[in-house]
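A, B, ... follow the sequence lines: proteins, then strands. Residue 1 opens every chain. The figures that follow rest on heavy atoms only: side chains count, while hydrogens, waters and symmetry mates do not.
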There are 2 protein chains.
Amino acid sequence: MRTFVTAAEAGRFQDAATDLAVTQQAVSKRIATLEKTLGVRLFTRTARGAKLTIDGQAFLPHARELLQAEARAIASVCPGRRALRVDVIGRRLAPAGALRDFHRAHPEAGLDLVTLVDVDTAIDALRSGTIDASFRAVTMPGRELPDDIGATRAFDEPVQFLTGPAHELATARAVMPAELAGHRIWMPGLVPGTESTAYYDDLATAFGLTIEITGPDFGTEPLLDTVADSRSLATFVGEQTRLVWPAEHDLRRIPLRDPTPVYPHSLLWHRDNRHPALDALRRHFGSGRFDHSAAGTWTPAWVH
Amino acid sequence: MRTFVTAAEAGRFQDAATDLAVTQQAVSKRIATLEKTLGVRLFTRTARGAKLTIDGQAFLPHARELLQAEARAIASVCPGRRALRVDVIGRRLAPAGALRDFHRAHPEAGLDLVTLVDVDTAIDALRSGTIDASFRAVTMPGRELPDDIGATRAFDEPVQFLTGPAHELATARAVMPAELAGHRIWMPGLVPGTESTAYYDDLATAFGLTIEITGPDFGTEPLLDTVADSRSLATFVGEQTRLVWPAEHDLRRIPLRDPTPVYPHSLLWHRDNRHPALDALRRHFGSGRFDHSAAGTWTPAWVH
DNA sequence: GCACGACACAACCAGCGGTTGTGCGGATAT
DNA sequence: ATATCCGCACAACCGCTGGTTGTGTCGTGC
């Protein structure tokens with residue numbers, strides 16, 4: 001590919017060969033094999049060089065795009081000058097969506113999303129420099145943030161109740177958390193020891209709920225399958241969480257009111273991190289554009 | 001790259017190997033060499049398979065993008081089911097910009113842009129099926145369109161007068177074409193025998209102008225250099241033409257009025273062409289959204 | 001008409017990238 | 001606690017890809 005682009009730009013195989021530090025015959029062979037694999041002629045050979053055919057013209061921008069994609073891929077893991085790497089809880093959850101907004105606002109800053117299991121792993125990764133920022137709920141009881149980690153309350157996400165069409169509360173416009181006492185709430189994805197588990201534990205205690213985390217976690221699809229078909233089983237889901245479920249499933253998002261439990265997404269970073277785009281990220285999420293203390297909301301007492 | 005993506009999806013080198021129809025050892029070697037060239041570890045090897053590291057997680061979407069770019073590149077030259085291929089006069093000229101609008105409206109249709117020298121070459125390419133459509137000014141005198149080629153007047157582009165800051169007309173709000181008689185108009189890019197040359201020849205004749213096409217064509221940059229520094233040399237340029245010139249150059253676009261010469265861009269296609277996206281393209285440009293007969297405009301008499 | 005420039009073809013060879021065979025370590029089972 | 005299995009890494013081997021040098025061919029320009 002690189003040979004093709006170089007030859008197309010140079011207009012002569014000879015010049016491309018010197019650019020690439022190989023012989024003219026090597027360039028000729030590379031182009032020939034590329035043409036053979038594609039099944040089309042890319043150059044018309046003339047006495048004064050090689051000109052692109054129509055197919056070659058159409059192919060050229062795609063070849064350039066391929067080389068750029070390669071450069072981006074390499075840059076994404078290049079230590080030191082790689083793109084800003086942010087840990088989100090999951091790619092379909094609210095922080096990932098919020099980062100899309102940030103990326104639209106700052107397209108010049110490269111952005112890579114990774115997912116880690118819990119806040120402790122995230123802090124280790126922040127310290128080692130493998131990630132630059134992390135969206136977490138801080139801090140869990142008994143685990144205050146260390147001094148070298150900075151944190152901003154980024155935004156709050158209302159929690160919703162997700163049911164199938166046959167569920168008793170399926171047609172409710174909204175429900176109070178206390179009304180859910182006695183209902184079966186199933187969250188098999190919760191990993192013990194993580195801060196999101198601490199959040200939902202506190203939520204359950206505060207309103208007298210019982211959350212079942214029994215059973216293996218097969219991912220969201222089987223969970224949604226089960227919830228959609230059940231008259232009694234339901235689950236919690238963030239308002240911003242993008243769920244993909246088969247078209248035949250009819251799932252209902254029921255808002256919670258009086259109070260509305262909100263999940264507190266905080267932005268964490270390491271104070272020694274000098275990544276150029278990190279400042280912009282902090283400003284984007286720490287500029288007070290989110291209301292952290294809306295009336296009628298609930299968070300665990302340990303939330304900053 | 002494909003091995004990396006497959007292994008990341010499978011979670012086990014073994015499974016990836018069977019998917020790729022090679023041995024596990026080959027996969028192991030490929031991943032090892034990839035890690036070596038990148039200088040980072042992409043997988044953590046466990047007893048139950050291989051999991052992505054943080055670097056691997058960040059690398060994965062870029063690797064996927066690379067494979068997709070490869071697929072698009074191949075598809076762009078795949079005979080039969082390739083993307084819609086449209087001939088524009090130049091990548092910075094009005095048809096290319098108009099096609100960007102079309103691509104925004106129909107993102108599902110792949111689109112490749114190529115450039116051919118003149119309408120005859122374009123018609124040959126349309127007949128042979130190497131291109132699907134062409135933007136041209138039709139028809140030149142004495143060269144009516146053949147029956148197997150369809151044409152629609154797509155849109156008209158006003159012609160402007162481009163001068164440097166020292167030119168006599170640099171500060172004019174607008175000029176009449178007839179006022180340009182006696183001024184030096186330089187268009188070294190015009191190729192004799194092409195329809196755009198025929199257009200400007202007619203324009204010159206109609207208003208008593210003299211257009212110099214002397215001197216070799218070194219591209220737009222040297223042309224703009226010369227025009228920017230000259231007190232007497234100027235040139236014609238399409239209103240939609242995107243020119244890139246160094247910041248130190250101060251070029252002026254002077255609109256033409258009474259009448260406004262417009263360049264008639266027509267869309268050409270072959271009547272036997274059954275490309276699925278060609279219909280959409282014809283509808284996009286043939287739906288009467290452009291005013292073809294605005295008062296006060298001028299076109300050569302031979303324009304359809 | 002001849003020299004020159006540019007690409008293609010032929011022969012040759014190193015090394016990349018595959019294979020088979022085996023070793024090693026962690027997780028599970030007995 | 002120990003045996004067993006599963007999955008990945010390492011070693012040896014080898015064919016074929018992809019490079020080199022040398023030469024041929026063709027169109028262009030003096």
Side-chain angles (χ1 to χ4, degrees), chain A residues 1-57 59-60 63 66-67 70 74 117 121 191-192 216-218, chain B residues 1-57 59-60 63 66-67 70 74 117 121 191 216-217:
Chain A
M1 281 297 197
R2 176 160 290 114
T3 305
F4 167 73
V5 172
T6 310
E9 285 169 352
R12 262 182 253 128
F13 286 8
Q14 197 74 259
D15 297 359
T18 49
D19 279 9
L20 298 166
V22 294
T23 62
Q24 167 265 318
Q25 289 86 335
V27 173
S28 180
K29 258 177 137 180
R30 287 180 188 177
I31 301 293
T33 47
L34 181 61
E35 286 176 332
K36 200 169 184 179
T37 53
L38 291 175
V40 296
R41 205 144 187 79
L42 297 173
F43 287 97
T44 53
R45 279 75 164 170
T46 76
R48 266 198 304 278
K51 280 190 57 179
L52 285 176
T53 63
I54 297 175
D55 283 312
Q57 284 185 41
F59 191 67
L60 180 58
L66 200 74
L67 297 185
E70 185 213 17
I74 292 174
V117 282
T121 317
V191 179
D217 176 27
F218 293 116
Chain B
M1 281 298 197
R2 176 161 289 112
T3 306
F4 168 74
V5 173
T6 310
E9 284 168 352
R12 264 185 247 122
F13 286 9
Q14 198 74 259
D15 298 358
T18 49
D19 278 9
L20 299 166
V22 293
T23 62
Q24 167 264 317
Q25 288 88 334
V27 173
S28 179
K29 258 177 138 180
R30 288 180 186 177
I31 301 293
T33 46
L34 180 60
E35 287 175 332
K36 200 170 184 179
T37 53
L38 291 175
V40 295
R41 207 145 185 77
L42 296 173
F43 287 98
T44 53
R45 279 73 165 173
T46 76
R48 269 198 302 278
K51 279 190 58 181
L52 284 176
T53 63
I54 297 176
D55 283 311
Q57 283 184 42
F59 191 67
L60 180 57
L66 199 74
L67 297 186
E70 185 214 15
I74 293 174
V117 282
T121 318
V191 179
D217 176 27

For residues Leu38(A) and Phe59(A), determine if any side-chain heavy atom of one lies less than 4.5 Å from a side-chain heavy atom of the other.
yes
For Gln14(A), all residues meeting side-chain hydrogen bond (donor to acceptor under 3.5 Å, both in side chains), sequence neighbours excluded
none
For Lys51(B) and dG7(D), what is the distance between atoms NZ and C1' respectively, to the nearest whole Å?
16 Å
Among residues 3-23 of chain A, which residues get a heavy atom nearer than 4.0 Å to DNA chain D?
Val22(A), Thr23(A)
Quick one: which residue pairs count as a side-chain hydrogen bond (donor to acceptor under 3.5 Å, both in side chains) with a foot in residues 16-26 of chain A, not counting sequence neighbours?
none
Pull out every residue in residues 34-50 of chain A that has a heavy atom closer than 4.0 Å to any atom of DNA chain D, ordered by number, or say none.
Ala47(A), Arg48(A)
Atom CD of Gln24(B) to atom P of dG17(C): distance rounded to whole Å?
18 Å
Using a 4.5 Å cut-off on heavy atoms from C-beta on, say whether the side chain of Met1(A) contacts that of Glu70(A).
no
Sorted by first residue and then second, give each side-chain hydrogen bond (donor to acceptor under 3.5 Å, both in side chains) pair with at least one member in residues 29-50 of chain A; sequence neighbours left out.
Thr3(A)-Arg30(A), Glu35(A)-Arg45(A)
Side chain to side chain, Leu67(A) and Val5(A), heavy atoms closer than 4.5 Å:
yes
Rounded to whole angstroms, how far apart are CD on Gln25(A) and C1' on dC12(C)?
13 Å
Looking at residues at least two apart in the chain, or sitting in another chain, which of them share a ring pair (Phe, Tyr, Trp, His ring centres under 6.0 Å) with Phe13(A)?
Phe43(A)
How long is the line joining NZ of Lys29(B) and C1' of dC16(C), in whole Å?
8 Å
With Thr121(B), which residues qualify under side-chain hydrogen bond (donor to acceptor under 3.5 Å, both in side chains), at least two apart?
Asp118(B)
Given dG18(C), dA9(D), dG19(D), the nucleotide with the shortest approach to the side chain of Arg30(A)
dG19(D)
Output yes when at least one side-chain N/O atom of Ser28(B) is less than 4.0 Å from OP1 or OP2 of dA9(D), else no.
yes
